Protein chains: 2
Amino acid sequence: MLKPKIHTMEELSSAIGVSRPTLSRYFQDPSKVSRTSANRILSGLERVDYTPNFFATRMNRKTTGMIGVIIPYLNDLFFTRLLESIETAAMQAGYTVITQCSHADPAIEKRAAETFLSMNVDGAIVAPLGNHSDLQVYERLNDRLPFVLMDSRPDTLSDVDFVGTDHLQSTGAITEYMCRVGAPPVFLAMPRVNFNALEREAAYIKKMNELGFEPRVIGVDPIDKHDHFEGHGLAVLDDMFSRQELLDASFLCANDRVAIGALRAAAKHGLEPGALRRGGLRIAGHDDYPLCPFMTPTLTTVAQDVTAIGQAAVDRLLKKLRGENIDNNQVILLINGALKLRESA
Amino acid sequence: MLKPKIHTMEELSSAIGVSRPTLSRYFQDPSKVSRTSANRILSGLERVDYTPNFFATRMNRKTTGMIGVIIPYLNDLFFTRLLESIETAAMQAGYTVITQCSHADPAIEKRAAETFLSMNVDGAIVAPLGNHSDLQVYERLNDRLPFVLMDSRPDTLSDVDFVGTDHLQSTGAITEYMCRVGAPPVFLAMPRVNFNALEREAAYIKKMNELGFEPRVIGVDPIDKHDHFEGHGLAVLDDMFSRQELLDASFLCANDRVAIGALRAAAKHGLEPGALRRGGLRIAGHDDYPLCPFMTPTLTTVAQDVTAIGQAAVDRLLKKLRGENIDNNQVILLINGALKLRESA
DNA sequence: AAAAGTTTTTTACATGCGTCAATTATTGCT
DNA sequence: AGCAATAATTGACGCATGTAAAAAACTTTT
């Protein structure tokens, strides 16, 4: 890099003969400056190496152009897909996304929220940690910022906007499907890492009752808080199959990662789950994890519309931070899931 | 939140009767202030709501305490695991990690690098995009900052530190293993998204030659730049098996995600890859993707030591930014992979 | 060519906090 | 109690930019 480094706008100003305030306006929006000035600046920037200081600009602007996003896990393709759709939507709207991962730790989540506040982000989107998370963190963000909760909803929070999947619909749909084409499913719960775990369980029970079947839930050890879903599914069903129980049952797993573990347990015991073999073992999941089509057998599931959720969360946030939030009501946006019928159920 | 909001240190100073510079020192390091002052501040902070402004602090400190990380994909558990180990290591050292994902776009990668520069991050770690990425970006970062490249290495860059897996060793080891317990493997390449793709291919060929076997590579369409690895593995082998070719071959896939697609292709054609059935189809991968133990059959692979790589990258970066970089030589740290023998090969 | 309108520059102040030299308070010692 | 030594605090200045108002330069219109 041969260009001389210039550190401040002041220097740049005297280097290319354009006043500093004009430069300031140029860097915020080139169209706010006359054609001639813009050209002079542009050609000047080709001779020197200068970038406005990120912090100095952000400190003084009334709007930082940044939105903060907190997700609980990074090692989960569901959340990374969600993140991607948020980043895409935000980028299109001209916003920069700052991502923080709470690593399933309420303390980290709280710190991340404080960081966002101290950065004056224009708004924040959070996928909550779960039932061991500190709801005051969300309330505080909601009080101070345009704020949207995503994916999983603590039902005790009354004034917070939310975007997520309609689990009553999605879990209901797959429950109904399973009942229709085979034995009524047993629900294989997942570690209660978030509120969705309970919502799906409740949705399953409700649908089963509606259809006149007896719901049956294989619960989880409440101590078991870790997020190793596949391991959980494998361990529970391995144990079950070893005792020769439920060898030809239908399983609806609380999510696909649990289902992947379940598939493994089946294979380990020489069982071949599948929709095609009526009367035999069946396994289905929830989410449409990207690997579902590559499992053996391919995994039947309900897709969460990740793109729509991310897009809607950003849309709602933008509406709020642009002051278009005319009616100050809480908005809860529930998006339908779509059945993905494959081989396993 | 009942506590009154306080925006500046100045206000806080007059609110709790401690001078502003003292407050400044307290927030940087509470131990830099006398016991009595610390207590007074602490009790004061319980009565009001104040957080130092992120930008103002960062702007003035000579060191920002932040390190920037760029990864090419978010939808890949390998990179998220890497990220996690970096975050852990950095957090322990008291640094904040700012993550940016380039989404496989050189322009975004470049912009992310510029952002880091304008933020005065103390250092940067980058996992390169691949052979269509702009090497000048890395050179520029390396000139301006403590900088470490990670995971995949452009061999034309001569003065840039690197931490990654020793593919000659890792790929060599699994090639050797496969030759030892069965038919010499065919190499199923992956889309050439990064330099590792070529390194592994070269390592395979080298080892095969060493062992006196004829290497055979199933290449990729050079146009095919997308990152849908599973789909690639599935498509290529599905096609192959449909033509009744290589039905009982040994496949070494360039990474696990390709291998997962390969497993699916095998299952689709009623084939059962496995180490136990000598003489039959075998499939192995590379990386130890977290889902390997849950595939059917479980996937034999070579694990990249993600934790060690992340830790080493951070260690090296810290050494550089602390000025302990006594010998100014380029450091290339290659970490061994470990065979994970499972069912599939 | 003068008036009116537009854009740019200048000037001056603001932002929130880091930092250092100078000052003040505290402690230890006799 | 008095003094020196040490620790803590404070005042004043700096950082890189945003922003508003007033002055100056340039364009367009008549």
Side-chain angles (χ1 to χ4, degrees), chain A residues 5-45 48-66 96 114-122, chain B residues 5-42 44-45 48-66 96 114-122 144:
Chain A
K5 174 73 185 169
I6 282 193
H7 285 278
T8 75
M9 255 186 206
E10 201 77 52
E11 285 180 50
L12 182 66
S13 167
S14 55
I16 68 179
V18 175
S19 80
R20 196 184 61 71
T22 302
L23 289 174
S24 170
R25 281 164 53 212
Y26 173 83
F27 283 111
Q28 289 179 63
D29 182 358
S31 76
K32 295 217 139 209
V33 150
S34 71
R35 263 248 147 285
T36 52
S37 298
N39 287 334
R40 184 143 32 147
I41 294 171
L42 219 52
S43 73
L45 286 177
V48 300
D49 179 15
Y50 168 76
T51 325
N53 181 292
F54 187 85
F55 295 122
T57 60
R58 270 16 183 232
M59 184 172 79
N60 290 319
R61 277 210 257 271
K62 56 196 60 167
T63 167
T64 56
M66 311 191 316
T96 303
E114 292 302 324
T115 301
F116 286 160
L117 286 174
S118 80
M119 292 201 314
N120 295 320
V121 296
D122 292 340
Chain B
K5 174 72 185 172
I6 282 193
H7 286 277
T8 76
M9 258 188 202
E10 201 77 53
E11 286 180 49
L12 183 66
S13 167
S14 55
I16 68 178
V18 176
S19 79
R20 196 186 60 71
T22 301
L23 289 174
S24 169
R25 283 164 49 216
Y26 173 83
F27 283 112
Q28 288 179 64
D29 181 356
S31 77
K32 296 215 138 206
V33 151
S34 69
R35 264 248 146 286
T36 51
S37 298
N39 286 336
R40 185 145 31 152
I41 294 170
L42 219 52
L45 287 177
V48 299
D49 180 14
Y50 170 77
T51 325
N53 180 293
F54 187 86
F55 295 123
T57 59
R58 266 28 179 223
M59 184 173 78
N60 290 319
R61 278 210 257 269
K62 56 195 58 165
T63 168
T64 56
M66 310 190 316
T96 303
E114 291 303 325
T115 301
F116 286 160
L117 286 174
S118 81
M119 292 200 314
N120 295 319
V121 296
D122 292 339
R144 291 251 189 285

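Numbered from 1 within each chain, the chains take letters A, B, ... in sequence-line order. All of these numbers come straight from a predicted model, not from anything done at the bench.
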At 4.0 Å (heavy atoms only), tell me whether [X] reaches a base, stays on the sugar-phosphate, or touches nothing.
X	result
A/Y50	sugar-phosphate
A/S37	sugar-phosphate
A/P52	sugar-phosphate
B/T57	sugar-phosphate
B/M9	sugar-phosphate
B/R20	base
B/S24	base

Residue B/K62, side-chain heavy atoms: nucleotide from C/dT19, D/dA20, C/dG18 that is nearest: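 The listed nucleotide nearest to B/K62's side chain is C/dT19.
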Sub-4.5 Å side-chain heavy-atom contact between B/L45 and B/L12: yes
Close side-chain approach of B/R25 to B/P21, heavy-atom, < 4.5 Å: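 B/R25 does not reach B/P21 side chain to side chain.
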What is the distance, to the nearest angstrom, from the [atom1] atom on [X] to the [atom2] atom on [N]?
X	N	atom1	atom2	result
B/K32	C/dC17	NZ	P	19 Å
B/L12	C/dG18	CG	P	12 Å
A/F55	D/dA16	CZ	C1'	12 Å
A/E10	D/dC15	CD	C1'	12 Å

Are [X] and [N] close enough that a side-chain N or O sits under 4.0 Å from OP1 or OP2?
X	N	answer
B/T8	C/dG16	no
A/Q28	D/dT19	yes
B/S34	D/dA8	no

Parallel, tilted or perpendicular: ring planes of B/F55 versus A/F54, cut at 30 and 60 degrees: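 The arrangement is perpendicular - the two ring planes meet at more than 60°.
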Contact nearer the 5' end of DNA chain D, comparing B/P21 with A/A56: B/P21
Whether B/S13 side chain and B/V18 backbone form a donor-acceptor pair below 3.5 Å: yes
Between B/N120 and B/T64: side-chain donor-acceptor atoms closer than 3.5 Å: no
